[in-house]
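Report on the following structure.
As a basis for the values below, the full set of heavy atoms in this structure was taken, side chains included, without hydrogen atoms, waters or symmetry mates. By convention in this document, chain letters (A, B, ...) are assigned in the order of the sequence lines, proteins followed by strands, and residues within each chain are numbered from 1.
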2 protein chains.
Amino acid sequence: MTPADTNRDRSKTEQKLVEAVGRVLARDGFERCGVNAVAREAKVDKVLIYRYFAGMPGLLKTYGESSNFWPTQAEILGEERQVLRLPQGERLEAIVMAILEALRKRPQTLTIMAWELVQRNPLTESLAQVRESWSRELTQEASLHPGASPEQAEDAVALANLVVAGLQYLLLRARTVSEYGGLSLQDDAGWQRIRRAIRLLGQGLENVMPEDTA
Amino acid sequence: MTPADTNRDRSKTEQKLVEAVGRVLARDGFERCGVNAVAREAKVDKVLIYRYFAGMPGLLKTYGESSNFWPTQAEILGEERQVLRLPQGERLEAIVMAILEALRKRPQTLTIMAWELVQRNPLTESLAQVRESWSRELTQEASLHPGASPEQAEDAVALANLVVAGLQYLLLRARTVSEYGGLSLQDDAGWQRIRRAIRLLGQGLENVMPEDTA
DNA sequence: TTAACGTGTCACCATACAGTGACAATACGG
DNA sequence: CCGTATTGTCACTGTATGGTGACACGTTAA
């Protein structure tokens, strides 16, 4: 009657390990997410990481594929893509704000994005690829091509991406620091200000690049 | 005649250590920047880190204070603050671009900024404080208050900060990844596109918030 | 000359880590 | 029933780390 009762279940063990990765990652960060720590967290022997996942990189990879790190198109554009029918400025604002909210809901994604900036590994690598294709699709869907010149359209896309990049940066900073450039990152008031800034951007774009139907 | 010839020089040893921190940081990143590694790099016994700096945190702190991590106001605004005399849109563009260039010149600052997003420590802490006061000063100097309402002025400042945040994020990403949202981060063409995006922003702001003198 | 101090060297401890080999316990197929 | 493969446990190596105590060398002042 040893404590090996119902333990003999490989898939269950694998799942335990994958979930443990998530917890360790969220609690202690990427740095402390090694074979020993994960095995401890999962209450499982570390050798099984080597057997079932061929080591930590493999485990990280399957973890990355298992969870829903990145928002879907539906989450950003709405189930029926209502957002796309908005006029250009409001559309930009809505999309950017949706991205912001989607990311705020995913602390683990943020953790990994932060680590992406510091070191490469299988997980950050694959996540980067996913995001690239994701953003390409989204840009196409959102189709910020007004009646203006194609160069201006390109610039507008670049500007939108730049702002999204800024949002991501602020989200990352918010995890450890309370303000940035006078913007408060902890309370809702700060994020409201950011929202207004984005609205201002939308208005500015409307003026410089009037929509063809307008 | 032991190899203790001219080695007995505390200040020189301290300097060696501080410089070694910079090299290790740039080459191996923050993660590998421990007592052993730095001592090895400096060809100095690690115990001296404890004696002279009371441990690694102290050494990191003095390193942070020693180097010119952050650009000066002059570097951004020009020696005679010519930039301030530009019309609002161009002013914004010029300042943001100057910040971009100043940061591109400081790879070590970028490394540390990346680590700031991942973990706190004395170095990142003090650097964050420096940057906050720096950005406050700069915002005041640049004085983006047009004839529009004070709320809009606030929003404009927030938007500018958001864009700067985006630039910083792209700079950090450029170190490990070649593109972001379709923006190429390696060649100059990509950065040109970003520049045009910023110009577009400046134009947009001009329209929404006309200057009082205009 | 001698005693105290600053500087640097060395050996050592405890700890944590990644990774591996040997073995016990259980399940499964013949 | 027995043999084999799977699952899990355990003990171990080697290496790296942060940190400390003891000592050797050189300088300086009494």
Give a yes or no on whether a donor-acceptor pair under 3.5 Å exists between the nucleobase atoms of dT6(D), that is its base, and the side chain of R10(A). no
Test: side chain to side chain donor-acceptor pair (under 3.5 Å). Region: residues 75-85 of chain A. Which pairs qualify, not counting sequence neighbours? E75(A)-R106(A), R81(A)-E141(A)
Using whole Å, report how far CE of M56(B) lies from C1' of dG18(D). 11 Å
Can I get a per-line list of side-chain donor-acceptor pairs under 3.5 Å for residues 46-58 of chain B, giving both atom names and the distance, sequence neighbours left out?
from: K46(B); atom 1: NZ; to: N36(B); atom 2: OD1; distance (Å): 3.1

Whole-Å distance separating the CG atom of D9(B) from the P atom of dT27(D): 12 Å
In residues 21-40 of chain A, what residues come within less than 4.0 Å of DNA chain D, judged by heavy atoms? none
Does a nitrogen or oxygen in the side chain of T13(A) sit under 4.0 Å from OP1 or OP2 of dG8(D)? yes
For residues 162-171 of chain A, the salt bridge (charged side-chain N to carboxylate O under 4.0 Å, His left out) pairs (sequence neighbours left out) are none
Run the side-chain hydrogen bond (donor to acceptor under 3.5 Å, both in side chains) test against Q129(B) and tell me which residues pass, sequence neighbours left out. none
Interface with DNA chain D, restricted to residues 43-52 of chain A and to heavy atoms under 4.0 Å: D45(A), V47(A), L48(A), R51(A), Y52(A)
Checking R195(B) now: which residues fulfil side-chain contact (heavy atoms from CB on, under 4.5 Å) with it, not counting sequence neighbours? E93(B), M97(B), Q192(B), R199(B)
By salt bridge (charged side-chain N to carboxylate O under 4.0 Å, His left out) - contacts of R32(B) (at least two apart): none
Contacts of W191(A) meeting ring-ring contact (aromatic ring centres under 6.0 Å, His included) (sequence neighbours excluded), chain-then-number -> none
Once you round it to whole Å, what is the distance between C1' of dT26(C) and CZ of R8(A)? 4 Å
Distance in angstrom units between F53(B) CZ and dG19(D) P, rounded: 15 Å
Do V83(B) and R91(B) pass the side-chain contact (heavy atoms from CB on, under 4.5 Å) test, and can you show the C-alpha distance, the side-chain angles, and the key distance before you say yes or no? CA-CA 6 Å; V83(B) 176; R91(B) 190 164 72 227; 4.1 Å; yes
